[in-house]
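Below, each value reflects all heavy atoms present in this structure, side chains not excepted, and no hydrogens, waters or symmetry copies. Here is the naming used below: chain letters follow the sequence lines, and residue numbers restart at 1 for every chain.
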Amino acid sequence: MIAEVIVDVAAHPIDRPFDYAVPEELQVLVEPGMRVKVPFGPRKVLGFITALKDTSDFDVSRLKPIHELMDVVPVLNEELLAMAKWMKKQTVCFEIDALQVMIPSALRAKYEKRFVLNAPLEELPEPLQPYFDKRPSVRSQDAVEVYGLLKKELERGTVVADTDISQQTAVKKARMIHITDSLEKLESIEIRSNAKQQVKLMAFFKNHLGKAIESSVLQKEAGTTLPTIYSLAEKGAAEIHNEELYRDPKLLSDIEKKPNLQLTEAQQAAYDAIDAALNTPKTFLLHGITGSGKTEIYLQTIEETLKAGKEAIMLVPEISLTPQMTLRFKERFGDLVAVLHSGLSAGEKYDEWRKIQRAEVKVVVGARSAIFAPFRNLGLIILDEEHESSYKQDDSPRYHARDMAIWRSEYHNCPVILGSATPSLESYARAQKGVYELLVLEKRAKNQPLPTVHIVDMREELRNGNRSMFSVPLAEAIRERLDRKEQTVLFLNKRGYSSFVLCRDCGTVMQCPNCDISLTYHRSSELMKCHYCGYDEPVPHTCPECESEHIRFFGTGTQKVEEELAKLVPEARVLRMDVDTTRNKGAHEKILAAFGEGKADILLGTQMIAKGLDFPNITLVGVLSADTTLHLPDFRAAEKTYQLLTQVSGRAGRDKLPGTVFVQSYTPDHYAITLAKDQLYEPFFEQEMAMRRASGYPPYYYVVNVQFTHEDLMTVAGYADQSVRFLQSQLSQSTLIIGPSASLIARVNNRYRYQCLIKYKKEPKLADVMQQLIKIYRSEWIKKGATLSIDMNPTSVM
DNA sequence: AGCACGCCGACT
DNA sequence: GTCGGCGTGCTC
């Protein structure tokens, strides 16, 4: 028996299956999808079995045997193995990367070099002996001081090198105390009256008959110690076992089950359409304005799916994956729900994943990578906020969760729901063409009116002599809310406001010496940091160029606004939410909870407050500058601005009190701003489509971004130029190739970056041509220290 | 990617 | 003479 193995080496020449002999004793056990340890050249690596067969094109007598089987149950099933192959083609990535992204990070291998003793200890030179006298091997990193000696011994053969392959986390085991369920038995046990500890514990036992409690929890709750527990256990009051345990971040027991809500007519219509298609691989685009009750439709269609004995995946953007959000699912589906999000430790994620693999849960709620949940009988996939760019992974494998969802829906014959208040142009265009079925919710579920949006022309403010960040009408509105004890949310677009140091005499902005980007001022550490390469230096007192002392610190965007706000309304209680104040685990939730409880009048924040903020007392939303996203050099700038404004406006007036929104802008007539005012999606779509058609961008054209990096500017420019010429010769006439040109950030970590953009409508040879380009790169440029990265359908081209 | 092999310069 | 620099080529 022969196994095809994809080994854990991400490099072009290795990116294909290697054949290995399956040892006799493993033949009954092996299955595709299991991980194996295999010899690969002079070392050992981890790999995935992708197929089993009886013959090989390779010389069978030279096949090496599998060294060790890492799993008893496959970690990937046939579906996911097939999906990885497709993903490799689709996204131009290594197959091993596609496989790795599908399993929890805890199962990914860690490699550690070791020196293993291969002769009697006495044969080693004296200084080496202490390293081996307790153990037969020593970790490479623990023996740095004696590398020279070890090298000699390696040559003599008294010591051999080896790689230790381990995974990060294993199954968690715990000591569980099972209290007997028989009160009689407990009462029959005699305890000496001076054994006070035991008496106390016995009382606890009597109150918790038949329960199983983890030993450490029991010790805390009952105020006892392990020996006491053991003494009672010996008398028959309890049994003690070591058991596998899930690291359950939260106990579900206190969550109250909640019934379905009554659907509105529009919701019902959408629900019926999906319900009728539960066994077809159809994609729906659910276009519902903010607050139109999309989630209730999700919940009820999931319920139908479960009734049919199938499973469901619910994807949400990472930032909306808040406790309130997941609570709604747990209220409906109880412990049939697994939640996967970045706040979990690797071990916790692994446990949630195991629940899915063992079919103990039926619903997964999670961010992007939850699309790989190893369900076998998938009945429904939902992507909420489908336009979010976080559904696309921005490093290899550069996959889009939407594409993966549609692939799985075809495999399982089940529908996909793409939900959004502001669909991506791609999806809406597909819905118009009939590729997706469009479902529309035009009204808010509780029939609240949309908030009133005022656009404030900041040029006018400036002309009237107002140079602050707050326009007169916004400032007035804020004061009004303070008087009425209502809440305000102020939204600051972080980009464009990042904090830098500027010399007011010569205009110098401090730059990173390794990257073409300005350094960011970090107040907490008093350092200037580069966000691209990690470089830092102390904050200067004088300008490094002209030695002037007139240097100005532009504080973090939100910090600066906070200071101005304090001048404007000194009496207001302000909560600030940005990367600085949410760095600690749980800080995000704490700030939101505090705001929800009315502990502050104003919440000031960046992107992260645009989503999921749902408090009845918010009646005012201020967007301090709508322009910052609008003028980014990216074809999606208008789309992103429209989405953001709609999203942010949706935070106001979600309950009984009507909401008001102020959008400040220097370009108040731009269609992305005027049309977002009344959430006129269709007209926005039409207008933006016209722009895209004129400039040849998605959805009219597909885009591929090819980026090159090299230490030397001329070299990388040369390679980019050769590539463009090669691509032009291979691709069809109608395909446009833009560039090569320097990337927006032309240098990162002392490497110059060049890119070109391929825009095409139909290009059947594209995958082949990209492979050929990789071949050229492999045979010539890679040796010279260049890198090449290919991004199919990038979300942004900056 | 990582590791071994192999061929040339500067040291004991 | 040997140690060690990194170019080249292979990995079932």
*asked:* For A:T795, is there any backbone N or O sitting under 3.5 Å from a side-chain donor or acceptor partner on A:H400?
replied: no
Between A:E426 and the options A:K392, A:R402, A:R636, the salt bridge (charged side-chain N to carboxylate O under 4.0 Å, His left out) test singles out A:R636
For the residue pair A:D768 and A:Q730, confirm or rule out a side-chain donor-acceptor distance under 3.5 Å.
no
Next item on the list: Indicate whether the side chain of A:S390 and that of A:E318 have a donor and an acceptor atom separated by less than 3.5 Å.
Entry: no
*asked:* One thing to verify: whether A:E352 and A:K355 come together as a salt bridge, which I'm taking to mean a side-chain N less than 4.0 angstrom from a carboxylate O.
replied: yes
Should A:F58 be counted as stacked on C:dC12, where stacking needs a ring-centre gap under 5.5 Å and an angle between planes under 30 degrees?
yes
What's touching nucleotides 4-6 of chain C from the protein side, N or O pairs under 3.5 Å?
none

[X] [atom1] to [N] [atom2]: how many Å, rounded?
X      : N      : atom1 : atom2 : value
A:E780 : C:dT8  : CD    : P     : 13 Å
A:L46  : B:dG2  : CG    : P     : 14 Å
A:K783 : C:dG9  : NZ    : P     : 8 Å
A:E4   : C:dT11 : CD    : P     : 17 Å
A:I782 : C:dG7  : CD1   : P     : 15 Å
A:R62  : C:dC10 : CZ    : P     : 11 Å
A:R778 : B:dA1  : CZ    : C1'   : 13 Å
A:I96  : B:dG2  : CD1   : P     : 13 Å

Among [options], which nucleotide sits nearest the side chain of [X]?
X      : options              : answer
A:K113 : C:dC12, B:dA1, B:dC3 : B:dC3
A:V9   : C:dC12, B:dA1, B:dC3 : B:dA1
A:D19  : B:dC3, B:dA1, C:dC12 : C:dC12

When A:Q755, A:R751, A:R753 are each screened for side chain to side chain donor-acceptor pair (under 3.5 Å) with A:T709, the one that passes is A:R751
For A:A405 and A:I381 the tightest heavy-atom approach is O-CD1, 3.4 Å
On a heavy-atom basis, the closest approach of A:Y131 and A:V138 is O-CB, 4.1 Å
List the atom pairs, with distances to 0.1 Å, where a side-chain N or O of residues 49-61 of chain A and a protein N or O form a donor-acceptor pair under 3.5 Å, not counting sequence neighbours.
{"residue": "A:T50", "atom": "OG1", "partner": "A:E4", "partner atom": "O", "Å": "3.4"}
{"residue": "A:K53", "atom": "NZ", "partner": "A:E4", "partner atom": "OE2", "Å": "2.9"}
{"residue": "A:K53", "atom": "NZ", "partner": "A:D19", "partner atom": "OD1", "Å": "3.2"}
{"residue": "A:K53", "atom": "NZ", "partner": "A:D19", "partner atom": "OD2", "Å": "3.1"}
{"residue": "A:S56", "atom": "OG", "partner": "A:D19", "partner atom": "OD2", "Å": "2.6"}
{"residue": "A:S56", "atom": "OG", "partner": "A:F58", "partner atom": "N", "Å": "3.0"}
{"residue": "A:D59", "atom": "OD1", "partner": "A:S61", "partner atom": "N", "Å": "3.2"}
{"residue": "A:D59", "atom": "OD1", "partner": "A:S61", "partner atom": "OG", "Å": "2.9"}
{"residue": "A:D59", "atom": "OD2", "partner": "A:S61", "partner atom": "OG", "Å": "3.4"}

Which is true for A:I14 with a 4.0 Å heavy-atom rule: it touches a base, it touches only sugar-phosphate, or it touches nothing? base
Under a 4.0 Å heavy-atom cutoff, the residues of residues 27-45 of chain A touching DNA chain B are A:P42, A:R43
